[in-house]
Number of protein chains: 2
Amino acid sequence: MRRPATMKDVADAAGVAQSTVSRILNDAPVLIRVSEATRTRVRAIASELGYQPHPFARALRGAPSMLLGAVVRDITDPFFAPAIEALSLQAKERGYSVVLGHARATPDEALALTAVLEARQCDAIVLLGDLGEVPRLVEDLRKSHVRVVALWHGTQHHGHGFPTVSVDNRAGIRAALTHLTALEHRHIAFIGGDSHGDIRERKAAYVEYLREAGLEQPDGYIRDVPNGISGGEQALSALLKLRQRPTAIITATDILAMGAIHAAYENAVAVPEELSIVGFDDIPIAAAAVPTLTTVRMPLTEIVSAGVELAVGDGAWSTSGLGELPRLVFEPDLVVRRSTAKAAPQSPAGRGVRGN
Amino acid sequence: MRRPATMKDVADAAGVAQSTVSRILNDAPVLIRVSEATRTRVRAIASELGYQPHPFARALRGAPSMLLGAVVRDITDPFFAPAIEALSLQAKERGYSVVLGHARATPDEALALTAVLEARQCDAIVLLGDLGEVPRLVEDLRKSHVRVVALWHGTQHHGHGFPTVSVDNRAGIRAALTHLTALEHRHIAFIGGDSHGDIRERKAAYVEYLREAGLEQPDGYIRDVPNGISGGEQALSALLKLRQRPTAIITATDILAMGAIHAAYENAVAVPEELSIVGFDDIPIAAAAVPTLTTVRMPLTEIVSAGVELAVGDGAWSTSGLGELPRLVFEPDLVVRRSTAKAAPQSPAGRGVRGN
DNA sequence: TTGTATGCGTTATCAG
DNA sequence: CTGATAACGCATACAA
């Protein structure tokens with residue numbers, strides 16, 4: 001039980017050559033000219049000894065490692081948990097296991113190297129989120145020899161030469177804003193940041209839409225905060241202090257929205273009666289928020305699925321090398337729940353009437 | 001740029017032997033008798049060619065793969081996202097990468113085998129959550145040759161021979177119930193299930209405490225539901241229909257609590273004025289729930305850290321093999337927030353007064 | 001100080 | 001039908 005059994009062990013025990021064992025254990029069709037006698041004997045001994053093939057040795061011979069690397073921008077971002085789940089599931093369906101990489105933790109040179117070092121073990125790498133903050137890592141990855149696919153890098157800045165899969169941020173924000181304006185909101189603020197591509201794009205789409213719609217946009221309506229619950233809380237508290245309070249808020253992510261909802265509650269501002277809030281991503285908890293969160297559903301499965309296909313599928317993009325880099329964009333849907341309602345005409349009268 | 005550069009490539013380019021390159025590239029101290037000239041020359045060529053060591057070849061020679069396997073019971077359980085984050089961080093600090101395994105998805109024989117196959121690549125494996133549902137996998141793991149550590153398998157059933165790290169479920173539940181009874185609650189229901197060890201222990205602790213305290217426990221006060229948001233919602237709806245409504249509810253996990261809070265809101269039951277709710281785990285969103293959730297804080301970092309130490313640390317338990325198996329138990333803390341309040345004497349009068 | 005030879009566990013190519 | 005034998009990329013004992 002100490003040392004795992006090797007092919008040689010099996011061969012010795014069976015009184016045959018190690019190469020014979022290899023043949024028998026690998027060839028699925030029984031037809032591959034090996035005598036049935038030795039075949040069964042070797043098989044029996046192999047399972048008796050608990051033989052397991054050694055993946056490293058196989059990989060050394062050029063076999064795929066069946067390892068899919070996942071480098072997450074910020075593993076503490078709640079959005080990526082479902083993303084990793086989805087990735088893990090998709091990978092498994094293709095027989096791959098997921099290796100978690102680290103981007104944020106120590107964005108120094110040494111770490112970047114390490115990440116690439118790990119890369120050697122993987123058949124492909126999936127980048128989750130905008131890794132603009134660790135350019136060195138991206139650089140190393142580019143001159144690495146594994147296939148790299150970037151998910152949620154935004155649709156704009158494609159400095160790196162990786163195929164990308166993203167969501168149509170502009171369409172999502174426009175859907176959300178169309179919903180709010182249809183509810184007669186005229187004072188709509190935005191909570192987001194500049195941290196990474198997707199959020200920047202969402203902000204840009206907000207600015208664009210408001211300009212087009214000719215909606216007022218006082219100073220302070222755009223809140224740049226870190227992407228987290230407390231970021232959302234801070235931003236909302238600040239917005240409530242504004243002379244012209246917004247009647248609706250659109251947040252760049254659901255996590256910000258959750259923080260905003262909570263801060264509204266703490267400040268005794270009724271959602272949606274006094275304030276409508278829209279999120280982005282449709283993370284699982286959004287459907288159980290109090291009140292349930294109107295948000296833009298991220299086509300998570302589609303995006304991850306496409307990413308995995310690009311990474312380890314038998315797609316043709318790798319073979320070409322010259323053709324256009326795939327740049328897939330998936331469309332999100334607006335999910336209307338209870339955190340949005342018609343704008344209150346003047347003073348909030350509907351407080352406590354939970355539109356049920 | 002096609003094929004990654006090997007040591008031989010570097011050696012050829014530098015006009016030295018491959019073994020020389022190996023020596024130069026591996027020996028940290030400059031003192032290892034190699035001429036400075038060749039040293040710098042080889043180093044230059046190596047980095048010029050973008051040489052990266054091949055982990056598989058190293059591992060084949062007996063070097064550790066620096067891969068830590070993580071087999072998660074149910075990767076869709078929101079509790080495990082932070083756990084995986086913590087694991088990933090802890091692993092990184094020791095230079096390890098985390099490989100995600102799959103338990104739930106296809107609990108059949110083939111998958112179990114696959115998981116063990118992957119195991120060969122890992123230096124150790126960490127089990128996250130009770131894997132009682134996939135005994136075959138556990139069986140395979142036991143006769144595997146890697147170190148296995150079980151986290152959150154409950155403190156009771158230790159059929160398998162793995163070291164374990166758990167939380168003191170009984171203490172956590174008792175703290176929660178002590179808190180509720182101090183608030184004069186006499187009708188306390190429990191939402192949980194039988195799905196896995198930790199939850200079973202929490203339920204048992206609840207039953208025990210209520211018996212000791214001589215508290216009434218009508219039929220239907222124990223709700224067995226799947227561990228998820230909708231499970232919590234269902235359970236709460238059912239509890240509200242009881243003739244003797246509970247004034248407080250303790251849930252086996254925060255996710256169940258989130259579902260319960262949401263269902264209470266949908267049913268226009270004010271939390272905590274009409275109904276107090278306590279969770280277990282202290283997942284990140286609990287602090288931003290509406291209202292914020294009183295819960296039992298899981299010493300996540302401590303547990304994961306201890307697990308990683310057991311798995312890949314230089315601890316002595318592996319060397320012995322005969323001594324007692326480590327069975328670490330960490331103590332949780334009660335975190336009192338806003339979802340609990342004094343039991344309403346009779347009809348709820350405090351509605352809307354948010355105890356601020 | 002550096003080159004040669006060997007083996008880690010497999011797979012694949014030859015002979016026999 | 002099966003047994004030697006040669007890589008795969010690297011580390012290391014040994015020879016020069």
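In what follows, chains are A, B, ... by sequence order, proteins preceding strands, each numbered from 1. Any value given below was found using the heavy atoms of this structure, including those in side chains, with hydrogens, waters and symmetry copies removed.
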Which pair of non-hydrogen atoms, one from [X] and one from [Y], has the smallest distance, and what is that distance?
X: A:Q90; Y: A:S305; answer: OE1-OG, 3.4 Å
X: A:D123; Y: A:P64; answer: OD2-CB, 3.2 Å
X: B:L68; Y: B:A311; answer: CD1-CB, 4.2 Å
X: A:L87; Y: A:A70; answer: CD2-CB, 3.5 Å

Qualifying residue, where the test is side-chain contact (heavy atoms from CB on, under 4.5 Å) with A:V71 and the options are A:L131, A:L128, A:V126, A:V148: A:L131

A:H54: ring-ring contact (aromatic ring centres under 6.0 Å, His included) partners, not counting sequence neighbours: A:F56

Using ring-ring contact (aromatic ring centres under 6.0 Å, His included) as the criterion, list what pairs up with A:Y51, not counting sequence neighbours. none

In whole Å, what is the span from the CZ atom of A:R41 to the P atom of D:dC1? 15 Å

Rounding to an integer number of Å, can you tell me how far B:I24 CD1 sits from C:dG3 C1'? 12 Å

Through what angle, rounded to 10 degrees, does the axis of the helix from C:dT1-D:dA16 to C:dG16-D:dC1 turn between its ends, using five pairs per end? 60°

Trace of the side chain to side chain contact (heavy atoms under 4.5 Å, CB included) decision for B:V149 with B:F162: CA-CA 6 Å; B:V149 178; B:F162 307 140; over 6 Å; no

So which protein nitrogen or oxygen atoms get under 3.5 Å of nucleotides 14-16 of chain D's nitrogens or oxygens?
none

side-chain hydrogen bond (donor to acceptor under 3.5 Å, both in side chains) partners for A:R94, two or more places apart: A:E309

Do any N or O atoms of the protein come closer than 3.5 Å to N or O atoms of nucleotides 8-11 of chain D, and which pairs are they?
residue: D:dG9; atom: N2; partner: B:A57; partner atom: O; Å: 3.4
residue: D:dC10; atom: OP1; partner: B:Y51; partner atom: OH; Å: 2.6
residue: D:dC10; atom: OP1; partner: B:H54; partner atom: N; Å: 3.2
residue: D:dC10; atom: OP2; partner: B:M7; partner atom: N; Å: 2.6
residue: D:dA11; atom: OP1; partner: B:N26; partner atom: ND2; Å: 3.4
residue: D:dA11; atom: OP1; partner: B:R58; partner atom: NE; Å: 2.6
residue: D:dA11; atom: OP1; partner: B:R58; partner atom: NH2; Å: 3.1
residue: D:dA11; atom: OP2; partner: B:S22; partner atom: OG; Å: 3.2
residue: D:dA11; atom: OP2; partner: B:N26; partner atom: ND2; Å: 2.8
residue: D:dA11; atom: O4'; partner: B:R61; partner atom: NE; Å: 3.0
residue: D:dA11; atom: N7; partner: B:Q18; partner atom: NE2; Å: 3.3
residue: D:dA11; atom: N6; partner: B:Q18; partner atom: OE1; Å: 3.2

Roughly how far, to the nearest 0.5 Å, is CD of B:E48 from CZ of B:R41? 12.5 Å

